[in-house]
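The structure appears below as structure tokens.
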Amino acid sequence: MAISSLPCVQPIIYLGKPDVPTCHTGLETCYFTSIGDLLKEQEVEETNLALTTLYSLESTISKRELELAGKHGKPSWTKRLLLDENLLCAKIRAEADELCRPLEEKEDSSCTASEMANVIYHAMVLLRRKDVKIENVLEVLRRRFSQSGIEEKQSRASTES
Ligand SMILES: N=c1c2ncn([C@@H]3O[C@H](COP(=O)(O)OP(=O)(O)OP(=O)(O)O)[C@@H](O)[C@H]3O)c2ncn1[C@@H]1O[C@H](COP(=O)(O)O)[C@@H](O)[C@H]1O
């Protein structure tokens, strides 16, 4: 059974165990942390890592755009994409297709993470070209948390007719 699906008894991990009862709570010690708290901390760390990754990539892409103004810079794929919107759109479509292919052709998923990384990176270059921040995208996703896609589509259909 996964730890998160255990009933409400919270396991305790002792950070240090005293020789005698010491605590005002009546417990042996209150110097502990619950597994629940540890799992929450891990989730927060993973969220922070995901956001840092996206913001860091966004910052690199912006830096490459600034470098375009300079005459001699290092060769850069990002700069090529920023300068050529046909190439950029073609790459986004091609990468999305490559992401779908293993599913359609029942291949293994060993490349799926890397294909998704290609889609995200190329789409983020498009965001830069359109002057849209990744935070705007995340905000849209957060707003959608409270509504099912089916409900949203139905509400659009009724306002469109
Ligand atoms: N995340 C990426 C990233 N993902 C993919 N790519 C490049 O995108 C290009 C196209 O990827 P493909 O896998 O489709 O390569 P391909 O050879 O065209 O593949 P096929 O057409 O043969 O399938 C390749 O040159 C990849 O290296 C990326 N290029 C850059 N970044 C990030 O952008 C930063 C700056 O990169 P530069 O602008 O190149 O300095 C890097 O440090 C990375 O953080």
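Indexing begins at 1, ligand by ligand and atom by atom, following the structure's order. A quick note: this is a predicted structure, and the numbers were derived from the prediction, not measured.
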Heavy atom of Arg80 under 4.0 Å from ligand 1?
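Heavy atoms of Arg80 never come under 4.0 Å of ligand 1.
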
Give a yes/no on ligand 1: does Lys74 have at least one heavy atom closer than 4.0 angstrom to it?
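Per 4.0 Å heavy-atom rule, Lys74 does not contact ligand 1.
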
Closest approach of any protein heavy atom to [atom], naming residue and atom:
| atom | result |
| --- | --- |
| atom 36 (O) of ligand 1 | Thr78 OG1, 3.5 Å |
| atom 34 (C) of ligand 1 | Thr60 CG2, 3.7 Å |
| atom 44 (O) of ligand 1 | Leu57 CD1, 3.8 Å |
| atom 23 (O) of ligand 1 | Glu98 OE2, 3.4 Å |
| atom 13 (O) of ligand 1 | Asn118 ND2, 3.7 Å |
| atom 8 (O) of ligand 1 | Trp77 NE1, 2.9 Å |
| atom 18 (O) of ligand 1 | Lys91 NZ, 3.1 Å |

Checking side chain to side chain contact (heavy atoms under 4.5 Å, CB included) between Thr78 and each of Arg64, His122, Glu67, which is the one that passes?
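Among the candidates, only Arg64 passes.
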
I'd like to know if Glu98 and Arg101 make a salt bridge, using a cut-off of under 4.0 Å between side-chain N and carboxylate O.
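Salt bridge flag = no for Arg101 with Glu98.
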
So do Glu152 and Arg144 actually touch side chain to side chain, heavy atoms under 4.5 Å?
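When only atoms from C-beta onward are counted, Glu152 and Arg144 do not touch, as no gap falls below 4.5 Å.
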
For residues Leu51 and Leu138, determine if any side-chain heavy atom of one lies less than 4.5 Å from a side-chain heavy atom of the other.
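Heavy-atom side-chain distance check passes, below 4.5 Å.
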
Under 4.0 Å to a heavy atom of His122 - the qualifying atoms of ligand 1, by number
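Near His122, meaning under 4.0 Å from one of its heavy atoms, ligand 1 has 8 (O).
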
Taking only heavy atoms of Arg64, which atoms of ligand 1 are found under 4.0 Å from at least one of them?
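Every atom of ligand 1 under 4.0 Å from some heavy atom of Arg64: 35 (C), 37 (P), 38 (O), 40 (O).
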
How far apart are the closest heavy atoms of [X] and [Y], and which atoms are they?
| X | Y | value |
| --- | --- | --- |
| Leu57 | Met124 | CD2-SD, 3.8 Å |
| Lys74 | Lys79 | O-NZ, 3.0 Å |
| Leu87 | Trp77 | CD2-CH2, 4.2 Å |

Check each heavy atom of [X] against ligand 1 and say whether those closer than 4.0 Å belong to the side chain, the backbone, both or neither.
| X | result |
| --- | --- |
| Tyr121 | side chain |
| Glu95 | side chain |
| Ile61 | neither |

[atom] touched by protein (heavy atom, under 4.0 Å):
| atom | answer |
| --- | --- |
| atom 5 (C) of ligand 1 | yes |
| atom 31 (N) of ligand 1 | yes |
| atom 41 (C) of ligand 1 | no |
| atom 20 (P) of ligand 1 | no |

Verify side chain to side chain contact (heavy atoms under 4.5 Å, CB included) between Leu82 and Arg129, making sure each step is shown before the conclusion.
CA-CA 7 Å; Leu82 287 167; Arg129 280 284 278 110; 3.8 Å; yes

Is the number of heavy atoms from other residues, nucleotides or ligands within 6.0 Å of CD (Glu85) greater than 12?
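Counting neighbours around CD of Glu85, 12 or fewer heavy atoms of other residues, nucleotides or ligands fall under 6.0 Å, so no.
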
Within a 6.0 Å radius of atom CD1 on Ile150, are there more than 12 heavy atoms belonging to other residues, nucleotides or ligands?
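Atom CD1 in Ile150 is not packed in, count stays at 12 or less.
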
Report the C-alpha distance between Glu58 and Arg128 in whole Å, list the side-chain angles of each, state the deciding distance to 0.1 Å, and finish with yes or no for side chain to side chain contact (heavy atoms under 4.5 Å, CB included).
CA-CA 8 Å; Glu58 180 175 64; Arg128 181 63 241 127; over 6 Å; no

